[in-house]
Amino acid sequence: MSYLGKAGDTIFEDSDQLIRVLGIETSCDETAASVVALDGRAAPKILSNIVLSQIEEHAAFGGVVPEIAARAHVEALDGIVEAALADSGVALDEVDAIAATAGPGLVGGLIVGLMTAKAIAAAADKPLLAINHLEGHALTARLTDGLDFPYLLLLVSGGHTQIVAVRGVGDYQRWATTIDDALGEAFDKTAKMLGLPYPGGPNVEKAAATGDPGRFALPRPMKGSAQPDFSFSGLKTAVRQAATAIAPLSDRDVADICASFQAAVADALGDRVSRALNRFRQEFPDRAKPALVVAGGVAANRTIKATLEALCAEAGFDFIAPPQKLCTDNAAMIAWAGIERLRAGMAHTNDADFVPRSRWPLDSVSAPMVGSGRRGAKA
Ligand code: KG4
Ligand code: ZN
């Protein structure tokens, strides 16, 4: 049977069947491939999960350079896919579908990943699933923790800062987003201003560990505001002003600025999240033990994690932080989103015609935010 000729057909809808999906992720600066399996009602298994980071290629530029990223994906992807299949012990003709990130992200990388996936799908006569990268992040907690719907997701990465109510497969409602910089971007820009290496987040956290969080009174953007969204560009400006006022900076100054910045971020984030926890309680009163899931690179930050953990404990929410390797960009989450879509009867053969989308909101109902995701570089 050919999956490619029958546009629009629903494929594969049997929850007890063994499903194995090859996932491909190339939306930013990680080239990744993975095979994930779901066997009947047992817990899903990640059979392989290969991630090649391009951090070194981009470090000299202090951020991701789209052309370099696309070229690096072209060079690496075939080998990464081969390695993921070899590691999994599953042959290409044994997988049930190929799932690839089709957006949002850097369009060059998306084209490389999606075209490669289409070629593999066509050659092996397998269905192709065009996956939204954000859906991958949103559904990861079901892969790692078997979480039931609905739950709340906080996605904090280099390109996104969002709170999403995850109500079902394909059923997402964005409750908050950033009106300017993403949180990871704010960490990266702060690091750059202070002369710390790229990527900024881990280096700001490291410097903050020995700093005094009370030395600089930085703003807590949006704290107390009835509008649910995030904003970080004002904080970034305040950091610049604080640094300029005392330049040249000693190591102690840098540590104190980092600690003060991190404390401001944790405080502002906590305010936004507690608002969302309250809303979740109101909208889903039947959920006895609701959960907050974190995803994205910034979720690695211990101060932020501790703040969120405390908030959840106070509000009676489970706090779920999947292993860091599955919080940051990877292809297991893409393969898993493919399995979820197959299982829900939501995969369609006409995905073979899907064109990559650099912008692709999870929730088409929410109005786009002016200025959000300007960099468009990371998701
Ligand atoms: O999810 P991710 O690996 O990539 C995408 O953005 O898609 O997130 C990377 C972002 C970067 O901005 C990085 O600086 C930030 O996550 N990050 C951190 C930490 N580790 C990574 N931010 C704060 N503290 C950290 N420990
Ligand atoms: Zn991501």
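Order of appearance sets the numbers: ligands from 1, and atoms from 1 within every ligand. Quick caveat, the model's predicted, so the values are computed rather than measured.
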I want to know whether Tyr198 and Phe61 have ring centres closer than 6.0 Å.
no

Please list, in number order, the atoms of ligand 1 under 4.0 Å from a heavy atom of [X].
X	answer
Glu205	25 (C), 26 (N)
Pro202	19 (C), 20 (N), 21 (C), 25 (C), 26 (N)
Gly158	5 (C), 6 (O), 8 (O), 9 (C), 10 (C), 12 (O)
Gly159	6 (O)
Gly184	12 (O)

May I ask you to decide if Ser48's main-chain N or O and Ser34's side chain share a donor-acceptor pair within less than 3.5 Å?
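Yes; at least one donor-acceptor contact below 3.5 Å.
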
[X] to ligand 1: N or O pair under 3.5 Å?
X	value
Glu30	no
Thr328	no
Gly297	yes
Gly296	no
Asn301	yes

Quick one: list whatever passes ring pair (Phe, Tyr, Trp, His ring centres under 6.0 Å) with Tyr172, sequence neighbours left out.
none

Between [Y] and [X], is there a salt bridge with N-O shorter than 4.0 Å?
X	Y	result
Arg215	Asp253	yes
Glu135	Arg341	yes
Arg220	Asp271	no

Cys28 to ligand 1, any heavy atom closer than 4.0 Å:
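No; Cys28 lies far enough from ligand 1 that no heavy-atom distance drops under 4.0 Å.
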
Output every pair passing ring pair (Phe, Tyr, Trp, His ring centres under 6.0 Å) with a member in residues 214-260, not counting sequence neighbours, ordered by first then second residue.
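Listed by first then second residue: nothing to list.
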
Region of Asp188 that comes within reach of ligand 1 [heavy atoms, distance under 4.0 Å]:
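For Asp188, the contact with ligand 1 is made by the side chain alone.
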
Who's closest to atom 25 (C) of ligand 1 heavy-atom-wise, of Gly201, Ala186, Cys327?
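The option holding the nearest heavy atom is Gly201.
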
Can you name the N/O/S atom of Asp329 that is nearest the Zn ion (ligand 2)?
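Going through the N, O and S atoms of Asp329 one by one, OD1 ends up nearest to the Zn ion (ligand 2).
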
Over 60° means perpendicular and under 30° means parallel, so classify the ring planes of Phe187 and Phe261, tilted if in between.
perpendicular

Do any N/O/S atoms of His133 come under 2.8 Å of the Zn ion (ligand 2)?
yes

Answer yes or no for His137: is there an N/O/S atom below the 2.8 Å cut-off from the Zn ion (ligand 2)?
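Coordinating: yes.
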
Taking all non-hydrogen atoms of both residues, which atom of Ala69 and which atom of Val64 are closest, and how far apart?
CB-CG1, 4.3 Å

Is the cationic atom of Arg142 (NZ for Lys, CZ for Arg) positioned less than 6.0 Å from the six-membered ring centroid of Phe149 and within 45 degrees of its normal?
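The answer is yes, since Arg142 meets both limits relative to Phe149.
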
